[in-house]
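For reference, the structure is listed below as structure tokens.
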2 protein chains.
Amino acid sequence: MDNKLPTVKEIARRLNVSVSTVSRALSDHPRIGLRTKTKVQELAKEMNYEPNAKAIFFKQRKSFIVGVILPYIREEFFSEAISGIEAAAMEHEYTILFGQSYDNPEREKQVVDTMKKQRVDGLIISLSKQTNKYEHLQALDKYDIPVVYFDRVPAIENVHKVYCDLYQGTTEMVNWLFNRGYRRVAFINGPEKLQASKERLKGYLEGVTRQKLKIDMQMVETTDLSKESTHQAMKKLLSLKNRPHAIVTFNDYVHMDAVQYAEQHNVQINKDIAFVSYANLPITSYTAFPPLASIEQYPYGQGKKAMELMIRILQEKSAGTTVPDTHHTEKVMPTLVMHHPVAR
Amino acid sequence: MDNKLPTVKEIARRLNVSVSTVSRALSDHPRIGLRTKTKVQELAKEMNYEPNAKAIFFKQRKSFIVGVILPYIREEFFSEAISGIEAAAMEHEYTILFGQSYDNPEREKQVVDTMKKQRVDGLIISLSKQTNKYEHLQALDKYDIPVVYFDRVPAIENVHKVYCDLYQGTTEMVNWLFNRGYRRVAFINGPEKLQASKERLKGYLEGVTRQKLKIDMQMVETTDLSKESTHQAMKKLLSLKNRPHAIVTFNDYVHMDAVQYAEQHNVQINKDIAFVSYANLPITSYTAFPPLASIEQYPYGQGKKAMELMIRILQEKSAGTTVPDTHHTEKVMPTLVMHHPVAR
DNA sequence: TTGTAGGCGTTATCAC
DNA sequence: GTGATAACGCCTACAA
């Protein structure tokens, strides 16, 4: 095995021409002799020559690598999202540097740092659920690394972001439940800091208000998304004198934990109490008790859009047509999906 | 926003020293004046200087980027695996370039090509289930890019690989079933080409043989892992005159599809027929009918080992202590995990 | 049509 | 202790 990879220099040496000639021949430069061109290209092929991307990237100050940071890849929502990101990346010959924050701001900072060191062309991130400071991300501006936030976006304005506004979707869901006769609708929300939680809560309150009912804050619980916390919330709801007729949960994982608790406490799922949720993950169709309805958030589509936005930003940047302080926000419209309750 | 990132050169200019001095001061070179050193380091900090990894990698012919190609990230098995890979990578300051093959050899080739172009330091791959030619991967040798296969490994010898040998585990599982009184044990295997299928089949046959029973090939079906194919296999098994007492499925996804079919055809899961499986994915605990037992394959551990092996290879390489034609194989021991059947 | 030379940011090897 | 210079592989203006 010849350890030395072929370079333009080596090709030039063997052919007794200059490196520039080789470089031009390989890139089909117009002003190049046909004979020389074919000669060079043949030898290049024979030697299995491939341009060294590291050198090119170094020179061009680009790497075609975009960093992607997600909380947990094993959540189907995020694995779908990264697939969308990858699809858009491939189309435009970009590649993905991968990292997880595990919902830990410290680790998130660390991963951001690694990406910064690697000098990725850009960074796409879905924030850790505890992150409420964005210095480490805004600092990337200094390194000329654009950031696109998606799904879990920060509560600040002047940034690029792609997300699914669940305000309206939640209102619709509450209406749908009332129309089916569920009067007392409870809500297990996510961490209050999350933008996503705020939207959902707003939508829920709006939905209840529209029904001209008094808002009962006993019907609203929060979970930090852990199983224990969700069980705790369920405990409170089930111990109410007037148990809810329906429970809206923050997402399908919370749904599964909530249902698990309810089942253990002899609640007939979707009979005694109806459960509805967000995300509409494929995996729920295999579970014992899928939610009665779920709000589809199109993670694949969100990921794809985020990457497409990133590419647009990068192209504008290299074309020098960037308008300073212009920031893009793209919203993805959620959809309410009904499921048939499983007959048992 | 100053578009120019600070460089050693810029620092040198401002301090009226040479670039070498700056470089040395920043890397704590022994022969450097304390005054100069602090002066340089302070300015560097003030300017938010960060060495340009692209330039360094280019010079050092290393990037600390390892490519990782998986069939489907949304399978929990693989998202666990990549988490193990990431953990080991972080420990050693490596990063991960991510790509999926979607079990499509064409796409796999394409992704391998992208990684080659990016000149990753190494490549970790779990093969697409259809891949039976390895030229595109062995060609990476020419570019001095080592390959570590994991879980779905090729049926050839002289390569680095990490996998979980299920031969013995399968035999144990069959024994366990016989001991609990299940005499007719059927088996829905995966694609025959897969190394993993061969091992499982061998283990199954060994298990049946040890019980001094005649092997009945009607009890052995295969699936291409799609839902339709699995349903087809189930259809055949359920239409047998002597239905199996227990069914071993290739993995938890096949299990879920198989159970779904059985349920639709009025089989009492784990009563009429017992179901056992491989992988032991966390998600099964939320499903309607988890397998009675499952063989844990430790995807996280496998991924971690694969990355650790890769790092060892890379270190040997750069230390120049590589022994040619030496290839490492690491096996991970699977474990049989019992579940309590869900009471209904 | 082809060659020469400079530069991208860094580090290592000389010299002083 | 510090400075000048070469080198990594490639591209490209400028020269010829």
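Chain letters run A, B, ... following the sequence lines, proteins first and then strands; every chain starts at 1.
- D:dC10 atom C1' lies 12 Å from atom CD1 of A:I11, rounded to whole Å.
- Nearer the 5' end of DNA chain D, as judged by each residue's closest nucleotide, is the contact made by B:P30, out of B:P30 and A:K59.
- Taking atom CD on B:Q60 and atom P on D:dG9, their separation rounds to 13 Å, with Å as the unit.
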Subject >> Check against side-chain hydrogen bond (donor to acceptor under 3.5 Å, both in side chains), B:S128 and B:D103 >> reply: CA-CA 4 Å; B:S128 115; B:D103 270 334; 4.5 Å; no

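- Within the nucleic acid shown, B:R24 comes within 4.0 Å of at least one base atom, counting heavy atoms only.
- A donor-acceptor contact shorter than 3.5 Å links the side chain of B:K317 to the backbone of B:D144.
- Between A:R152 and A:E108 there is no salt bridge, since no side-chain nitrogen of the basic residue lies less than 4.0 Å from a carboxylate oxygen of the acidic one.
- Among the atoms of the strands shown, only primed sugar atoms or phosphate atoms (P, OP1, OP2) are found under 4.0 Å from some heavy atom of B:K9.
- Going from atom NE2 of A:H29 over to atom C1' of D:dT12 covers 9 Å, rounded to whole Å.
- Counting to the nearest Å, the P atom of D:dA4 and the CG atom of B:N16 are 11 Å from each other.
- A salt bridge links A:R74 to B:E80: one of the charged nitrogens lies within less than 4.0 Å of a carboxylate oxygen.
- Nearest-nucleotide positions on DNA chain C for B:P51 and A:T21 put A:T21 closer to the 5' end.
- One finds a side-chain N or O of A:Y49 lying less than 4.0 angstrom from the OP1 or OP2 phosphate oxygen of D:dC10.
- For B:K54 and D:dG9, the NZ to P distance is 19 Å, given to the nearest whole Å.
- Here A:F57 lies out of heavy-atom contact (under 4.0 Å) with every strand.
- In this entry the distance linking CD1 of B:I56 with C1' of C:dA12 reads 13 Å, nearest Å.
- In this structure, A:R61 reaches the C:dG9 phosphate: one of its side-chain N or O atoms is under 4.0 Å from OP1 or OP2.
- Residue A:T7 is in sugar-phosphate contact alone, with no base atom involved, counting any heavy-atom pair closer than 4.0 Å across all strands shown.
- Distance from the side chain of B:S20 is smallest for D:dT5 among the nucleotides C:dG3, D:dT5, C:dT10.
- Closest contact between the side chain of A:S18 and the listed nucleotides C:dA15, C:dT10, C:dG3 involves C:dG3.
- One interatomic measurement links the two molecules: NZ of A:K37 to P of C:dT1, which rounds to 11 Å at whole-angstrom precision.
- Residue-level contact check: A:T36 touches the backbone only, with heavy atoms under 4.0 Å from sugar-phosphate atoms and none from bases.
- The side chain of B:V8 sits closest to C:dT10 out of C:dG3, D:dG3, C:dT10.
- Taking a cutoff of 4.0 Å between a charged side-chain nitrogen and a carboxylate oxygen, A:R312 and A:E308 do not qualify as a salt bridge.
- A:R35 places its CZ atom 12 Å from the P atom of C:dT1, with the value rounded to the nearest Å.
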